Amino acid sequence: MAREIAKAYEPQRIEPRWAEYWVKEELFKADPGAPGPVFSIVIPPPNVTGSLHIGHMLDHTEIDILTRWHRMRGYNTLYLPGMDHAGISTQRVVVRKLAEEGIDYRKLGREEFERRVWKWKEESGGKITEQMRQIGESCDWSREKFTLSPEMSRVVRDVFVRLYEEKLIYRETRLVNWCPVCLTVLSDLEVVHEERQGHLWHIKYPVAGTDQFVVVATTRPETMLGDTAVAVHPEDERYKALIGKKVLLPLMKREIPIISDEMVDREFGTGAVKITPAHDPNDFEVGRRHKLPEIDVMTDDGHMNSNAGVYAGLDRFEARKKIVEDLKAQGLLEKITEHATAIGICERSRTIVEPRISTQWFCKMKPLAEPAIAAVERGEIRMVPENRREEYFNWMRNIRDWTLSRQLWWGHRIPAWYCGEHQHITVAREAPAKCATCGSTKLAQDPDVLDTWFSSGLWPFSTLGWPEETPDFKAYYPTSLLITGYEILFFWVARMIMLGLHFTGKVPFRAVYLHSIVRTPNGEKMSKSKGTGIDPIDVNRRFGTDAMRFTLAVTASVSDVIWTEDRIQSSRNFANKIWNAARFLFVNLNKFEEGGTKLEELAAPEVRAKAPYAIGGKVPLVDAWLFARLAETIELVNVALSDYRFHEAAQGVYQFFWGDFCDWYIEWVKPELQNADRERAIVAWKNLFAAFDAALRLLHPFMPFLTEELWHQLPQKAGAKSIALDRFPEARANWKNASALSQVALIQEVVTALRAIRAELKLDPKKKVTAEFSTVDASSRDLVQANRTAIERFAVLSELRIVPREQFDAKSGAVRSTAAFDVRFAYSETVDATAEKARLKKEIEGLQKASTSKERQLGDETFRSRAPEKIIKGLEATLAEQRIELQKLRERLAQLESGA
RNA sequence: AGGCCCGUAGCUCAGUUGGUUAGAGCGCUACCUUGACACGGUAGAGGUCUGGGGUUCGAGUCCCCACGGGCCUACCA
């Protein structure tokens, strides 16, 4: 069979085929009854409105690497995909879309609107899951979930009712964060604080019945229309006499009291503060303490309302301007100062959040937080990187109640009904027929929906069938791991821990790996609106999904990642390198097969399983070495991945495949593959294929497409469907071989030394010359002797003469020395003496410095008495080597300087 | 205001309990279109680890201070 392999790696030609195959064959369908240890992971559900961005790509790459790695190591593996209904975003998207069609969603009515959103969801939602299939994530698509599906909704209602019955959910009127654009209340987390340069307006409030003023300072003059008091500190001598008197609220001509409250900071501003209970959290508290009226002066969309007198109808910022002008005109504006303040912004609409009095549903968090803190403290959940624990603890210990309700139509409707007679509240899993308190049948359901994060908070168990003890729940809960970005530690991770512990009594996952953010080359956050984001699908198309995955793996780290295209080029090059290594194997195999050998004979699974093969009872050195390196790399990858050090694992595979397998191994065995002695050639082929196959499996979690494609070119067991279901290579005991490692290292040093001389001599790369090798170590000599032909080929020599030390002429020609050996080219044209002298001097200087510091250390009695034996021995050995090398280099330099 | 992180080669980053001349990728220099691969090969140049102080036989690694950059939490009008 002649195999056709394209000259260059073309991901576009192989990826779609396998992506489709993996989904169609349902290769990654989990079986809760399957044997083996369990590895389960649920996806951080992406927004149904979204499309895949680089953050998902990183997240999903890490998840998929670990999933594939576990699966290949025989774990009963589940990677559960799904989507989030994303209340605010989705509603915004559909509202905008309707507006474009000239439809006001409010006129449609709730039911029709919801119908439209579902329709939109079916048609255009879930682009991400399509993209996930495209990039070959090894999910179990049969278990895909959606946070707003009927089955998820049932769990949400159940949980809500339980928490209500436990008095952990309650309804209350208080000051909340209101977004005048989204027209809904927001939780504290949805308000982002941004430092902005603003002003402090100093306003004079006339004291009633006098010609005095009290000056108050405010950052938001428009709220003064709702002032119901002025507060001063009770101990403040400046204002003591005024306490209990009244001021005339400018512009409103309303008398309000001067009160005293400990909360006033005498140092700030003027020491007198206007109190607007309906528009400021602090003032709200003061207002409640002093039973002050709460006057709301704004509408829900950020305009001034009828309580705002002549300003009614103005937008809040226009009102501010107008008010300042009017105050100035009346001579009541004392001064304006610059003032930096952290302002609350709605993270969705980017508008300034308005504190507003409102009746909402809340969840009491303290009782939920305590066990969640303890679980992390006790290490029941491992948090990586560990320093995020502090952030978690800090937030959890100061946690505040969670505003659950949202004034939206898209989401889980709050399962609470109010009776028309007395406004009694009935909270139930299903719509009740009558009021639970008075039996009235005039019931109306709460129009609001729940915060999207409330349903996401149940995700690890709701998706597995809880509250039923389903086989999935029993097998896969607690999940093994959660991988997500640190930016949703509070939004999501903390809440899952709290709700998971509360409802299942178990942690929702045993570990959390919080990855970094991918930033632009300038170090900024990528932003769709600024156009600084990159589209991973587009990059995948250009470089290959495998290259993208590899790049993300190799750059993944605790700190944020800067995206540059250099990296992905290098990953693409790596893929191409592997592709071409495969090409070498198969193209050459075609020639070999002409002699009658079948691929089956060289590379059948059972043949590969027994590698490395020996010749005359001995495994050839280079094969022993390669398998030893393979074993080392496998161990490195296993250790690194179990600690989420993706970059280390990826780098290890890269180094092995490119540096060891391609650069040395393939080059070394090339002649053997063509060896006239067919038995020898067959052994070489068998070892080569076995190593290649193992290396493919090692690489598979990182580059699934490329490895799947090439794996299928090798003979596989009957019925074998995918490399993804094959075994991850194991570092077998008989592969480990320390002496092969050190022997090949020595040969590599010899070759490198010879090549370096060639380069200095600027020899024609094809010109074969004679070289000499000398050593005082008998085993090194034998080793070089035994591998002479390989060295000759690597260094393009006509002959490598092995000469006894005493016959080695270091006085002429070009010489390179290490402590262990010397090599020399008996070449008439000498090296550029000036350059060589400079090189020697530099080398001597470095060695000199290193050896002197060792001598000093070793001469120090304190060091000798305190340092571990191992360190001392190591230092002594290195020093001895350095002294020999130093001596050789000095001799050489002396010759050059004295000589010609 | 409190807390956290970072500052290592021209660029982007590794560097696991402190221990032997500090690593990678990209870029750079020289040579090479050699039958797997120019998305390549070979050989090289290039950091003393932001600065200062301390602990230690020994510090890129631990502690303190300063400078520079980033992030999170927080109701200072």
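Given the structure is predicted, the values throughout are model-derived calculations rather than measurements. A note on names: the letters A, B, ... follow the listed sequences, proteins ahead of strands, and every chain is numbered from 1.
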Within the sub-3.5 Å range, which N or O atoms of nucleotides 6-12 of chain B have a protein N or O partner, and how far apart are they?
{"residue": "U12(B)", "atom": "O2", "partner": "Arg567(A)", "partner atom": "NH2", "Å": "3.3"}

Under 3.5 Å, which N/O atoms of the protein pair with N/O atoms of nucleotides 31-38 of chain B?
{"residue": "G35(B)", "atom": "N2", "partner": "Lys591(A)", "partner atom": "NZ", "Å": "2.9"}
{"residue": "A36(B)", "atom": "OP1", "partner": "Lys670(A)", "partner atom": "NZ", "Å": "3.4"}
{"residue": "A36(B)", "atom": "OP2", "partner": "Asn588(A)", "partner atom": "ND2", "Å": "3.4"}
{"residue": "A36(B)", "atom": "O3'", "partner": "Arg583(A)", "partner atom": "NH1", "Å": "3.2"}
{"residue": "A36(B)", "atom": "O2'", "partner": "Asn580(A)", "partner atom": "OD1", "Å": "2.7"}
{"residue": "A36(B)", "atom": "O2'", "partner": "Arg583(A)", "partner atom": "NH1", "Å": "3.0"}
{"residue": "A36(B)", "atom": "N7", "partner": "Lys670(A)", "partner atom": "NZ", "Å": "3.4"}
{"residue": "A36(B)", "atom": "N6", "partner": "Cys662(A)", "partner atom": "O", "Å": "3.4"}
{"residue": "A36(B)", "atom": "N6", "partner": "Glu667(A)", "partner atom": "OE2", "Å": "3.0"}
{"residue": "A36(B)", "atom": "N3", "partner": "Asn580(A)", "partner atom": "O", "Å": "2.9"}
{"residue": "A36(B)", "atom": "N3", "partner": "Ala581(A)", "partner atom": "N", "Å": "3.2"}
{"residue": "C37(B)", "atom": "O4'", "partner": "Asn580(A)", "partner atom": "OD1", "Å": "2.9"}
{"residue": "C37(B)", "atom": "O2'", "partner": "Asn576(A)", "partner atom": "ND2", "Å": "3.2"}
{"residue": "C37(B)", "atom": "O2", "partner": "Lys577(A)", "partner atom": "NZ", "Å": "2.8"}
{"residue": "C37(B)", "atom": "N3", "partner": "Lys577(A)", "partner atom": "NZ", "Å": "2.8"}

Distances under 3.5 Å between nitrogen or oxygen atoms of protein and nucleotides 70-77 of chain B:
{"residue": "C75(B)", "atom": "OP1", "partner": "Arg400(A)", "partner atom": "NH1", "Å": "2.8"}
{"residue": "C75(B)", "atom": "OP1", "partner": "Arg400(A)", "partner atom": "NH2", "Å": "3.0"}
{"residue": "C75(B)", "atom": "OP2", "partner": "Arg400(A)", "partner atom": "NH2", "Å": "3.4"}
{"residue": "C75(B)", "atom": "O2'", "partner": "Asn282(A)", "partner atom": "ND2", "Å": "3.3"}
{"residue": "C75(B)", "atom": "O2", "partner": "Asn282(A)", "partner atom": "OD1", "Å": "2.2"}
{"residue": "C75(B)", "atom": "O2", "partner": "Asn282(A)", "partner atom": "ND2", "Å": "2.5"}
{"residue": "C76(B)", "atom": "O2", "partner": "Asp265(A)", "partner atom": "OD2", "Å": "3.3"}
{"residue": "C76(B)", "atom": "N3", "partner": "Asp265(A)", "partner atom": "OD2", "Å": "3.4"}
{"residue": "A77(B)", "atom": "OP1", "partner": "Thr341(A)", "partner atom": "OG1", "Å": "2.9"}
{"residue": "A77(B)", "atom": "OP2", "partner": "His339(A)", "partner atom": "NE2", "Å": "3.3"}
{"residue": "A77(B)", "atom": "O2'", "partner": "Ala217(A)", "partner atom": "O", "Å": "3.1"}
{"residue": "A77(B)", "atom": "N6", "partner": "Asp265(A)", "partner atom": "O", "Å": "2.6"}
{"residue": "A77(B)", "atom": "N6", "partner": "Phe268(A)", "partner atom": "O", "Å": "2.9"}
{"residue": "A77(B)", "atom": "N1", "partner": "Asp265(A)", "partner atom": "N", "Å": "3.2"}

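Within 4.0 Å of Gln882(A), counting heavy atoms only, lies at least one base atom of the nucleic acid. If you check every strand for non-hydrogen atoms under 4.0 Å, Arg755(A) touches sugar and phosphate atoms only. Residue Gln857(A) is classed as a base contact, given a heavy-atom separation below 4.0 Å to a base. If you check every strand for non-hydrogen atoms under 4.0 Å, Ala756(A) touches sugar and phosphate atoms only. If you check every strand for non-hydrogen atoms under 4.0 Å, Pro868(A) touches a base.
The nucleotide whose nearest atom lies closest to any side-chain atom of Arg645(A) is, among A43(B), U16(B), G25(B), U16(B).
Residues passing the ring pair (Phe, Tyr, Trp, His ring centres under 6.0 Å) test with Phe584(A), sequence neighbours excluded: none. For Phe490(A), the ring pair (Phe, Tyr, Trp, His ring centres under 6.0 Å) test picks out Trp395(A), with sequence neighbours left out. By the side-chain hydrogen bond (donor to acceptor under 3.5 Å, both in side chains) test, Glu648(A) is found to be paired with Arg645(A), residues two or more places apart in sequence or in another chain being considered. Every salt bridge (Lys or Arg N to Asp or Glu O under 4.0 Å) that Lys873(A) has, sequence neighbours left out, goes to Glu869(A). Every residue meeting the ring pair (Phe, Tyr, Trp, His ring centres under 6.0 Å) condition with Tyr644(A), not counting sequence neighbours, appears here in chain and number order: Tyr513(A). Under the ring pair (Phe, Tyr, Trp, His ring centres under 6.0 Å) criterion, Phe491(A) pairs with Trp453(A), not counting sequence neighbours.
A salt bridge between Arg883(A) and Glu855(A) is present, with a side-chain N of the basic residue lying under 4.0 Å from a carboxylate O of the acidic one. Taking the charged nitrogens against the carboxylate oxygens, Arg542(A) and Glu565(A) do have a contact shorter than 4.0 Å, which makes a salt bridge. Between Arg220(A) and Glu354(A) there is a salt bridge, with a side-chain nitrogen of the basic residue lying less than 4.0 Å from a carboxylate oxygen of the acidic one.
The aromatic rings of Tyr9(A) and Trp579(A) lie tilted to each other, with the angle between the two planes from 30° to 60°. By the 30° and 60° cut-offs, the orientation of the rings of Tyr654(A) relative to Phe574(A) is tilted. Ring orientation note: the planes of Phe794(A) and Trp668(A) are nearly perpendicular, at an angle over 60° on the 30°/60° scale. The aromatic rings of Phe661(A) and Phe656(A) sit tilted, their planes meeting at an angle between 30° and 60°.
Judged as a salt bridge (Lys or Arg N to Asp or Glu O under 4.0 Å), not a single pair has a partner in residues 566-576 of chain A (not counting sequence neighbours).
Atom P of nucleotide G41(B) and atom CZ of Arg793(A) are separated by 17 Å, given to the nearest angstrom. Rounded to an integer number of Å, the gap from CD1 of Ile517(A) to P of C4(B) is 20 Å.
Looking at residues 840-848 of chain A, you'll see Lys842(A), Leu847(A) sit with a heavy atom under 4.0 Å from some atom of RNA chain B.
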Inset, instruction - Using a 3.5 Å limit on both pairing distances, list the dot-bracket string of RNA chain B from the 5' end; Watson-Crick and G-U wobble pairs count, crossing pairs take [ ], interstrand pairs take |. - result: (((((((..((((.....[...)))).(((((.......))))).....(((((..]....))))))))))))....

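Position along RNA chain B of the nearest nucleotide to Ser853(A) versus Thr862(A) favours Ser853(A) as the more 5'-ward residue.
Nearest approach of His279(A) to Thr223(A), heavy atoms of both residues: CB-CG2, 4.1 Å.
In this structure, the side chains of Thr228(A) and Pro277(A) come closer than 4.5 Å at one or more pairs of heavy atoms.
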